[in-house]
Every structure is written in C-alpha cells, then in structure tokens.
Amino acid sequence: MKRVLLILALLICTGTFAQVKEKKIRKYAATIKVKELKEKLTVIASAEMEGRETATEGQRKAAAYIEQKFRKIGLKPGNGDSYQVQYDLFVDSLSSYSLTLNGIPLQPNKDYSVSVNTSANGTWNINEIYFAGTGVLDTTQLDVKDKWVVTDETGFNPLRQKIAQLRRRGVKGIILVSKSFPRATPFSLKSGMDITSHNLSNTYPYLTVSYATLAQVLKTTSLDSASLSAMNKTSYPTNLSLSVARTELKLKSSNVLGILEGSDKKDEYLFLTAHYDHLGKRGDSIIYYGADDDGSGTTAIIELAEAFAKARKKGHGPRRSIVFMAVSGEEKGLLGSEYYTDHPLYPLAKTTVNLNIDMIGRIDPKFKGDSFNYVYVIGDDKLSSDLAPITDSVNQKYIGMQLDRRYNDIKDPNRYYFRSDHYNFAKKGVPIIFYFNGTHPDYHRPTDTVEKIEFGLMRKRVQLVFYTAWEMANRDAMMKRDIPLNIPSR
Ligand SMILES: [Zn+2]
C-alpha cells in the first residue's frame, strides 16, 4: 500500500513538475542572449582565427577556443578524456613536372598540362605515339598494349570511360589533345583534400597537350579534329620526354566534441553540429572571416551547450545525452563529419537526431516575406515522420517563426540537403534537420564579417533549435526511422 502511494505521489509530482517545466524551459532558452552570441562570434570570426581553414593554424586556434568554452561550460570531453578527435587528411601535390620535345622544354598551361589527380610519378621517354582515334572509341578493336596513346578530349563521362578502357587494354600512357589551351587558369599543383589516401599506385602516365603542340610533334603546320581522326590507328615517331614528381602530404585536423550526459536515457544521443572551419586566407591581407558561414552555427552550439548545462545544474538536465560537435573539413567536402560518421564514438543507431546549423546569422535577399522572422528548415520531411510535427508544434508554442521548407524539394537545383554536415548522418540513416538562412552576396567572400550579422534574428533561430532539441532529448521515444532515404546520392 505504501509503495502504491509512493508511486502515486511520484506520478503527481512528475505531472506538476512538467507544468513548471514549460516556464523553466523558456527561462533556459532566455539565457541565449544577443550579447553572448555577439561576444563569441566576434572572437570566432576575428582576424586572429585567420579564416579557420582546415589543417592550418587558424583552424587549430578555433578548435582550442571551442574546447575551452566546452570545458568552462562543464561539458565532459566527447572523446574519452579528450575534447578533440584528430583525423588525417591527404593532399597530393606536384612538386615538379616537365615535358620536352627534342630536348626543348614545352610551356606548361600554354602547350600542355598534367593532372595532380591522375598523373603517375616518373620519367618517360616517348619515342612513338599511337593514334587511337577520336570521340567514343571501340577499344576492343585497338592494339594499344604498351603504347603511348593519343586521343581527343571528349565530354567528361565518355572521357572517363575511354581512359578506363584504354588502361584496361594495357596502354603505357595517355596523351589527350585538348582545345582548351592556353589554359585560362593554370593547372592545379595541389589536389583536393580527402580523409583517405589517394593511393598513388592507382595513377598512370597522363598528359594533356594543345593541338598546336601535337602539330609541332608531327611537324605539320596545323592540326584539327578532322585531321586527328584521319590519323586513326597509325603510329608516329616522337622525341618527347615527360617527367612528373607527385607527392602525398599527410595533414591533420580535428572535430571538437563535448557531451552533456543524460539521465534515464543517457545511452541515447542527440547531436547538435556546426562546422567551425572556413576558407582561410589568401596572402596576408585577405581573410575569409566566415562570420555567417559557419561562425554563426559554431557560436550557436556553444550557446546551446551553455543553456542546456545551466538547466542541468538546476536539476533539469536532458533525459538523453546531448553531444555538441563542431566539425572541420566542411569546406573541403564535408570531411570532418564524414570522418565522424565513419568512426562514430556513440552508436549511430542510438543517435536520435542530428540538428545541424550552417549559416543562421543573415538574411537571404531573395527571401520574400518577413525577413526578420524566418529560417529555412531542410530535411524534416525525410527519414522520420516525427521531425516535422515536432518542429511545427515547438515553433508554434515558443517562437512563431516562418519555417520555409522550399528546399525540401529534392529537385531543387541548389541541393542543400547534400551540402552540409548533416548529410553524412542522413546517409547512415540518422534523422536530421538542417537550419539555414540561405545565401547572400557575402557568401564565401572575405566580406562575410561579424558586423553584418543580425543578432536578434540569429538568437531567435538558436532558440528554435534549443526548444526542438529540448523536446527531442526529453520525449519518451527516439525519432522513429520510418521513411527510407530514397534519393540519388551525390
Ligand atoms: Zn557552411
């Protein structure tokens, strides 16, 4: 009997408690203040942070700042006893290259180009070239084994196929003839970054030359597509020498993670993410400050951590654990979040949702409606039918913003669903919502600076995320996963 009474008393308490809580929730949301957002973003988007390019000193400074904030707030380290997860990045570079004809050097970008993505390392003396034909080739009809093969540059996909077929047929090397010389921009000496090694052994001797250069090789005055195709299946003697030195650089970057432990559902997780990296600087004077992109999101997750930590101190901590993760490598191709979701520290199956914030401090000039009261909500129609109703009810109850869902249309040419870190979670089946203000003329320009941020609007958007996260971290069930992600991958 006593026990029944106790349970009854507990139930009543929980009920009253929940009543009090709504007021409390508003109180905790109110701790997210314009002044604090401004203070933090002013540091994150300062010249001191050098544009926060991945694998640079600026990025490391930003990571240290975020870590220090997480620590001060009282979050636990998200990676064992560390707040940061280091990961490797690979970049290839052409340290030297040359092409000579009869011992005389040809000019890069005017006469020829080499590719940092495909060129093998080595030196080759090319004494004979074989004309395999133009356009789409039937390589089964060609005897190209151990030959340097000349073909023209056709459309991207046919070209890739053609090269793959030629390699399967055992060519020694490939010479592409291209009309795009002289190059408008010099060919790149550095590859993009990747979280896996590009495997230098999977490269091949590869060269692109101008029509004029090939004419010089053949000792004719001019050459065009027609004369090239007339040389089908013929060989010519040459005296070319190609030399390429390509090296792989291994760099390091990090994601910063702090965790606020949950109560009765602490083995389930809610992820709040934003990327803290940006585009860095050009020379010493041009800095890409990235105040909106994504200093605003980075600031937001620190403020959110602070608000949830305050609530927890007052005995109103979340039922599920909340992980605050600032990722790097976003501007290099969503690499930090890809690394995380490939090497999760908390089970993705137990990750109820990822709320990702990327650019919430500005106004899209193309937005029609109340510019000071909107946000684009992306992805809440996919993976889970819980996302949209919760978003709507929370918004109605606490915020009253215009939630613009136009970018949920998978046919939208901007493809925003694929363009920030939440996509790596979505790929693994974790329901996501992406909060975004749209682009503006300062997007990816050095003029994306802190004084252009609309802090009042930003605060409102951060609070929307706060209330949504509160609801999702505290409700009985995880977000159900009832909608397959039926969209073509990138
Ligand atoms: Zn961004």
Side-chain angles (χ1 to χ4, degrees), residues 37 40-41 44-46 49-56 58-59 62-63 65-66 89 192-193 195 253-256 271-281 287-304 324-341 354-367 375-379 404 407 412-427 432-450 452-454 457-458 461-462 465 490:
L37 293 170
K40 293 181 176 86
L41 187 47
I44 291 167
S46 66
M49 298 289 178
E50 303 171 42
R52 313 184 301 277
E53 185 175 12
T54 296
T56 67
Q59 172 251 305
Y65 175 80
I66 299 160
L89 288 162
M193 283 184 187
I195 53 171
S253 189
S254 75
N255 297 328
V256 189
F271 263 68
L272 284 165
T273 58
H275 72 89
Y276 72 93
D277 68 306
H278 193 52
L279 304 171
K281 51 182 190 175
I287 298 175
Y288 289 76
Y289 296 95
D292 190 26
D293 187 9
D294 184 23
S296 63
T298 307
T299 301
I301 62 167
I302 299 171
E303 274 299 301
L304 286 163
F324 301 85
M325 178 164 79
V327 300
S328 60
E330 197 272 353
E331 304 286 9
K332 308 293 183 189
L334 317 185
L335 299 180
S337 52
E338 185 180 357
Y339 182 83
Y340 177 79
T341 53
N354 167 221
L355 305 179
N356 182 46
I357 309 170
D358 191 355
M359 298 169 65
I360 54 160
R362 294 284 298 271
I363 292 166
D364 174 358
K366 296 183 298 297
F367 180 79
V375 67
Y376 295 122
V377 171
I378 303 174
D404 190 325
Y407 295 120
D412 184 90
N414 294 295
R415 292 171 65 79
Y416 289 127
Y417 190 76
F418 305 91
R419 286 177 51 188
S420 187
D421 297 296
H422 56 271
Y423 180 60
N424 283 313
F425 283 86
K427 254 182 6 190
I432 67 98
I433 303 177
F434 169 29
Y435 301 89
F436 178 52
N437 52 222
T439 58
H440 43 73
D442 300 308
Y443 173 70
H444 281 198
R445 297 236 168 93
T447 49
D448 177 6
T449 48
V450 70
K452 290 177 185 152
I453 297 292
E454 300 289 353
L457 175 58
M458 178 173 161
R461 290 167 174 160
V462 181
V465 181
R490 290 198 300 177

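Heads up: numbering here begins at 1 and tracks the sequence. Read the numbers this way: they start at 1 and go in the same order the structure lists the ligands and their atoms.
For His275, the N, O or S atom closest to the Zn ion (ligand 1) goes by the atom name NE2.
Side-chain polar atoms of His275 and Asp293 form a donor-acceptor pair below 3.5 angstrom. Checking Asn424 against Ser337 by side-chain atom types alone, a donor-acceptor pair falls below 3.5 Å. Looking only at atom types and distance, the side chain of His444 has a donor-acceptor partner in the side chain of Glu331 under 3.5 Å away. Looking only at atom types and distance, the side chain of Gln59 has a donor-acceptor partner in the side chain of Tyr276 under 3.5 Å away.
Within the 2.8 Å limit, His278 places no N, O or S atom next to the Zn ion (ligand 1). At least one N/O/S atom of Asp358, from backbone or side chain, sits under 2.8 Å from the Zn ion (ligand 1). At least one N, O or S atom of Asp293 sits under 2.8 Å from the Zn ion (ligand 1).
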